[in-house]
Protein chains: 4
Amino acid sequence: MTQAKKKPKEKAAVKAKRKRTRLSPEVRRKQILEAALAEFSAMGFAATSISRIAGRVGISKANVYVHFSSKDQIFETLLQSLSSVGKSQGSWSRIQEARDVSEFIDNLIDVTYEALTPEALAIMRLLISEGHRIPDVLAKWHEANLQGRAERQAAIDEQVAAGRMKANPLTEHFEFAMTPVVYAAVAKLTFGDAAAEEVERIKDTHRKLLRQLL
Amino acid sequence: MTQAKKKPKEKAAVKAKRKRTRLSPEVRRKQILEAALAEFSAMGFAATSISRIAGRVGISKANVYVHFSSKDQIFETLLQSLSSVGKSQGSWSRIQEARDVSEFIDNLIDVTYEALTPEALAIMRLLISEGHRIPDVLAKWHEANLQGRAERQAAIDEQVAAGRMKANPLTEHFEFAMTPVVYAAVAKLTFGDAAAEEVERIKDTHRKLLRQLL
Amino acid sequence: MTQAKKKPKEKAAVKAKRKRTRLSPEVRRKQILEAALAEFSAMGFAATSISRIAGRVGISKANVYVHFSSKDQIFETLLQSLSSVGKSQGSWSRIQEARDVSEFIDNLIDVTYEALTPEALAIMRLLISEGHRIPDVLAKWHEANLQGRAERQAAIDEQVAAGRMKANPLTEHFEFAMTPVVYAAVAKLTFGDAAAEEVERIKDTHRKLLRQLL
Amino acid sequence: MTQAKKKPKEKAAVKAKRKRTRLSPEVRRKQILEAALAEFSAMGFAATSISRIAGRVGISKANVYVHFSSKDQIFETLLQSLSSVGKSQGSWSRIQEARDVSEFIDNLIDVTYEALTPEALAIMRLLISEGHRIPDVLAKWHEANLQGRAERQAAIDEQVAAGRMKANPLTEHFEFAMTPVVYAAVAKLTFGDAAAEEVERIKDTHRKLLRQLL
DNA sequence: AATGAATGAGACTTCATTCAT
DNA sequence: GATGAATGAAGTCTCATTCAT
C-alpha cells in the first residue's frame, strides 16, 4: 500500500527510447515544473521521486539536474511560480463588469466555483500538505491575499455607499462571503468525485443566500 | 554540561540510555499511534520515518514492529481509530440544549470553533494530504457524515416547523451554515498562527450572520 | 521469492495459545533439535529463524534460549548428535549375515538404498551446504568414515582370500562399490520426486553389476 | 597519528576511495554474477549479502541495483546462465574422437574428472542447497540432462552393435557408468582438500573397472 | 522452565545527487 | 543540453538475543 500503484519490478526491457531532443532551457523548465506539480500534488513532496518527474517529462533524471539544482529548488520554484497563478487576477475585474447586483452575484458565483479546477485544487492540496516547507512563500502569499481582499472590500464598500447593496455583516466583511468555496474545495480534495453533488448544492445555496443578503 | 550530570556509575552514554521499560501492548500501541499522528500530520506519510515515531515515544525502532507489522498498518490503524474521534459525537446534543435560538447559535458557534483543536486539524490535514491511501476509511467517514448531517437537518426542520426559526435557504440546507468553519480550519492549516486574527473575524461575522438569518 | 512461502503479514490474531507446559530439559532439547534439523535442512542455516524452530516446537523464542545459548550452538549440537546417526552402525553386521554372495549383494543393496530416508538426505544436504560451519565435526566424521571403510574392506578381503569373491578392482577398493548410492542421493536431493524412477534404475543396474563382478 | 600521514590535498580517506570507474552494463553484470556465484555457493543464498557481492566486485551496494532489480533476480539470472555452462557441451564429442575403446575410456575419465572444477562444484553445491528456489530452472536442467543422456546412450548402443563394446548391464544403462564422478564431487564438496587422495583412488578404480567392463 | 516485550545490528532496497562521456 | 553509470545516505523491516516477570 505504501505505493498505491506498484509498477512491476522487472526492468522495463523495452524502453520507449526516444532520441534525445535538445530543447531550450525555458521550455524544459516549464515541462519539469508542470510534471512536478502533478506529482507533488498527487503524492506529496517526499513520496515524489525525481525519477517520476523525469519520466513524466520523458527525459533522464540527470537532465532534471541540468535545469534545477535540487528537488527542493524545484518545489520552491514551483510554489513561487504558482503564487501568481493563485491570485484570481483578472477574475475580479470580470466579476465587476456586472451591471446590477444580480448579475454581479452570478458572476461571482460562476467565476469562483469555476476556479476550482483540478490544477487549482492541486495547488491547494500542496499548500495544505507541504506548505510548511516554504514559510516565506506562504507569508508573501498571505500578504498578497490580504491586499487583494482589501481591494475587493473597498469595491463592495463603494457599492454599499452607493446604495446598490445592503449594509450588513456580510458587506462589512466581504471575504466571509467566499468561505463556502473553500468548503467546496476541501470536499473535492477529500472525497473527490463523491463530493460532486454536494458541491452543487453548496453552490446553489450560496447563490441564493447572496441574493437574499446583498 | 550534558555530561556534568552523569553519576559516576553510569557508562559513558551520551544518550541517557534509560533502562528498558516494559509496558502493556495497549499502552504502547496508544503511545505509538499518538506519536504517529503528530508526525504523519506534520510531515506527511512518506516523510515520516519509523525512526522518528520511535524516537518520539522513546523506544527502539524494532519495538514499533513488535506492535505493528508495518508503517502502512500504523497509518491505517490510526485513521480507523480516528474516524470515531472525528464525529462531533456528543457536541450536537450539547448544542441543542439551548433554550432559545440565540443561545442555540452561541452554542453552535462556540462548540464548533472550539473543535478546531490542534489534534482535529492534524486529522484534517492527514485526510487531505494522505486520504488517497485509505479510500475505504474515507468512504465510511463520508457516509457517517451524511447521516449526522441528515439528523441535524431534521432537528432544524423541526425548529422551523415550530416557528422558532425562519424558513430560508439556510435552514433548508443547514450544512451550509457550517461551511465557514472549514474555511477557518484551512486558514489555520495553511497559515498557522498568522491566521488567528482572521479566524476570529470569521467567527464573529459567522455569529452575526446566523443571528440575522435564523 | 526470497521466502518461498510468505506467511500473510497480518498478525495471527488467534493464537493457538496453548497453556505453558513445563517439560524436562532433555525432552525439550530433543524437540528443539528435531525441529532444527527439519528447518535447517529445508531452508539452510541462515534462512532458518529461531522463531520458526520455536514455532515448530510450540514454544516461545525465549524458551529456546533457556536450552541453547545461541543459534550456532543449536547447529553444532545438532550436527554432533548426527555423526552417530550417520554411521550405518548396525547395518554392516546385518549385511554380513548373508549365507552366500548373492544374498550378501541383496542385503547390501537393500540396506544401503533403504538408508536414503528423508532424514538421512536432510543430513546430507546440511553437510554439503553448511558443512563449512563445522570443520571439526566434519573432520571427525571423515575419520570415522575412513575407519568403518577399512573394516568393511577387511571383511571383503577375507571373502576374496576364502575364494568366495573374485579378485578385481572392485574388491580391492570396495568403497567404490557404494559410489552409485551417493549419486542416487544427490539425484533425490536435487530433483526430489522427479528422480524416483531414475533412482530405481540405478539401484537395479547397481545390483546387476555387483552380481557380475563379485 | 592517523592524521599525521595526510597529504595536504587529500581528504581524510582511510579507504583508498578509488575514483568511480564506469563500465558497460554487460561487463558489470558479468562481474556481479561471478561474485554472486562465489558468495552464494560458499555461504548460501540467505547468508550472502548484497554488501559482500558489491564488495567483491569493488562497487557500491547501490550500483548492484542499477544492474539487477533484486537479490532474487541476481540468483535467478545466475542459475539460468549456468544451465548452459553445466552441460558438458563439447565434451562428449571430444570424448568420442577416440579411435579405440581404451582411448575412449581414457578420454571419458579424464574429461569427466577434469570437469570437477571449483566453479562446477560451486554450481553443484548451489543446486543442492538452493535448488528449491528455482524449480523451473531445475526442471529444464533435468530435461536437458535426460536428453543428453539419451544421446550418449545411443552412441554406446552403436558401439555395442558394432561389436566394439561388450553388452552388459553397464552398456545397457550407460549413465550408471558416470555415477562415481558424483561421489567424487560430493566428497570434494564436503571434505574439500581432505578428499583429494580419495578422489584419486576413485578415479583410478573407475578407470580400471571401465576397462574390464567395456 | 517459560514467556512477552524490548533492542542493536544488519539486511534489502530506494533515492537524490554526482560524474564522465 | 543530455544521459547512463555510480554512490552515500537513509528508510523499512527482520532477527538473534536479552530482560523482567
Side-chain angles (χ1 to χ4, degrees), chain A residues 2-3 9 15 17 19-25 27-28 46-54 59-72 74, chain B residues 17 19-25 27-28 46-52 54 59-72, chain C residues 2-3 9 15 17 19-25 27-28 46-54 59-72 74, chain D residues 17 19-25 27-28 46-52 54 59-72:
Chain A
T2 299
Q3 292 225 339
K9 276 295 173 70
K15 296 190 188 179
K17 183 87 171 177
K19 269 286 168 65
R20 43 162 90 177
T21 26
R22 192 191 184 97
L23 293 184
S24 78
V27 177
R28 274 282 191 254
T48 294
S49 70
I50 296 287
S51 233
R52 285 184 67 94
I53 294 176
I59 61 179
S60 70
K61 257 187 309 180
N63 195 8
V64 172
Y65 284 88
V66 170
H67 300 281
F68 294 91
S69 65
S70 73
K71 195 180 168 186
D72 278 294
I74 297 178
Chain B
K17 181 90 168 173
K19 269 286 170 66
R20 43 162 89 173
T21 32
R22 185 198 179 88
L23 294 182
S24 78
V27 176
R28 272 283 190 256
T48 294
S49 71
I50 296 287
S51 235
R52 285 184 66 95
I59 60 179
S60 69
K61 261 185 298 181
N63 196 12
V64 173
Y65 284 90
V66 170
H67 299 282
F68 294 91
S69 62
S70 71
K71 194 180 166 186
D72 278 323
Chain C
T2 298
Q3 292 225 339
K9 275 294 173 71
K15 295 190 189 177
K17 184 88 170 178
K19 268 286 166 67
R20 43 162 90 178
T21 25
R22 191 192 184 96
L23 292 185
S24 77
V27 177
R28 273 283 191 254
T48 294
S49 69
I50 295 287
S51 233
R52 284 183 68 94
I53 295 177
I59 61 179
S60 72
K61 257 187 306 180
N63 195 9
V64 172
Y65 284 88
V66 170
H67 299 281
F68 294 92
S69 64
S70 74
K71 194 180 168 186
D72 278 295
I74 297 179
Chain D
K17 182 89 167 173
K19 270 284 171 66
R20 43 162 89 172
T21 33
R22 185 198 179 89
L23 294 182
S24 77
V27 176
R28 271 285 189 255
T48 294
S49 71
I50 296 287
S51 234
R52 285 184 67 93
I59 60 179
S60 69
K61 260 184 301 179
N63 196 11
V64 173
Y65 284 89
V66 170
H67 299 282
F68 294 91
S69 62
S70 71
K71 194 180 167 186
D72 279 323

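Letters go in sequence order (proteins before strands), and every chain restarts at 1.
- With distances taken from any side-chain atom of Y65(A) to the nucleotides dG1(F), dT14(F), dT17(E), the minimum falls on dT17(E).
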| said: side-chain contact (heavy atoms from CB on, under 4.5 Å), that's the test. Do R28(B) and N63(B) meet it? Break it down for me. | reply: CA-CA 9 Å; R28(B) 272 283 190 256; N63(B) 196 12; 3.7 Å; yes
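- Among the protein residues, S70(C) comes within range of the sugar-phosphate backbone only, with heavy atoms under 4.0 Å from sugar or phosphate atoms but none that close to a base.
- For K61(C) and V64(D), each mapped to the nucleotide of DNA chain F holding its nearest heavy atom, the one lying further toward the 5' end belongs to V64(D).
- Residues S49(D) and S60(B) both approach DNA chain E. Their nearest nucleotides, taken by heavy-atom distance, put S60(B) toward the 5′ side.
- In terms of phosphate contacts, R52(D) brings no side-chain nitrogen or oxygen within less than 4.0 Å of OP1 or OP2 of dA11(E).
- Atom OG of S60(C) and atom CD1 of I50(C) lie 11.5 Å apart (nearest 0.5 Å).
- Put simply, H67(D) has no side-chain N or O that comes within less than 4.0 Å of OP1 or OP2 on dG4(F).
- N63(D) has a side-chain polar atom (N or O) that falls below the 4.0 Å cut-off from OP1 or OP2 of dT7(F).
- Donor-acceptor pairing under 3.5 Å, judged by distance alone, is absent between the side chain of R22(D) and the base of dT21(E).
- For K71(A) and dC15(E), the NZ to C1' distance is 8 Å, given to the nearest whole Å.
- Across the protein-nucleic acid pair, F68(D) atom CZ and dC12(E) atom P stand 15 Å apart, rounded to whole Å.
- Of the candidate nucleotides dT17(F), dT7(F), dT7(E), dT7(E) has the atom lying nearest to any side-chain atom of I59(B).
- Of the candidates dG4(E), dA2(F), dA2(E), dA2(E) carries the atom nearest the V66(C) side chain, counting heavy atoms from C-beta on.
- Between R28(B) and dG4(E) there is no side-chain N or O to OP1 or OP2 distance below 4.0 Å.
- Minimum heavy-atom separation, H67(B) to P25(B): CE1-CA, 3.9 Å.
- For the atom pair NZ of K71(B) and OG of S49(B), the computed distance is 7.0 Å after rounding to the nearest 0.5 Å.
- Here dT21(E) presents its P atom at 12 Å from CG of L23(D), a figure rounded to the nearest Å.
- Taking the side chain of I50(C) as heavy atoms from C-beta on, and the options dA16(F), dG4(F), dG1(F), the nearest nucleotide is dA16(F).
- The residue S69(A) sits apart from the nucleic acid: no heavy atom pair falls under 4.0 Å.
- If you check dT17(F), dG4(E), dA6(F) against the side chain of R20(D), the one that comes closest is dA6(F).
- With pairs defined as Watson-Crick or G-U wobble and both atom distances under 3.5 Å, the stems of at least three pairs that touch DNA chain E come out as E:2-21 with F:2-21.
- Counting any heavy atom pair closer than 4.0 Å across all strands shown, P25(B) reaches sugar-phosphate atoms only and no base atom.
- Residues I74(A) and V64(A) form a side-chain contact, since some pair of their non-hydrogen atoms from C-beta on lies under 4.5 Å apart.
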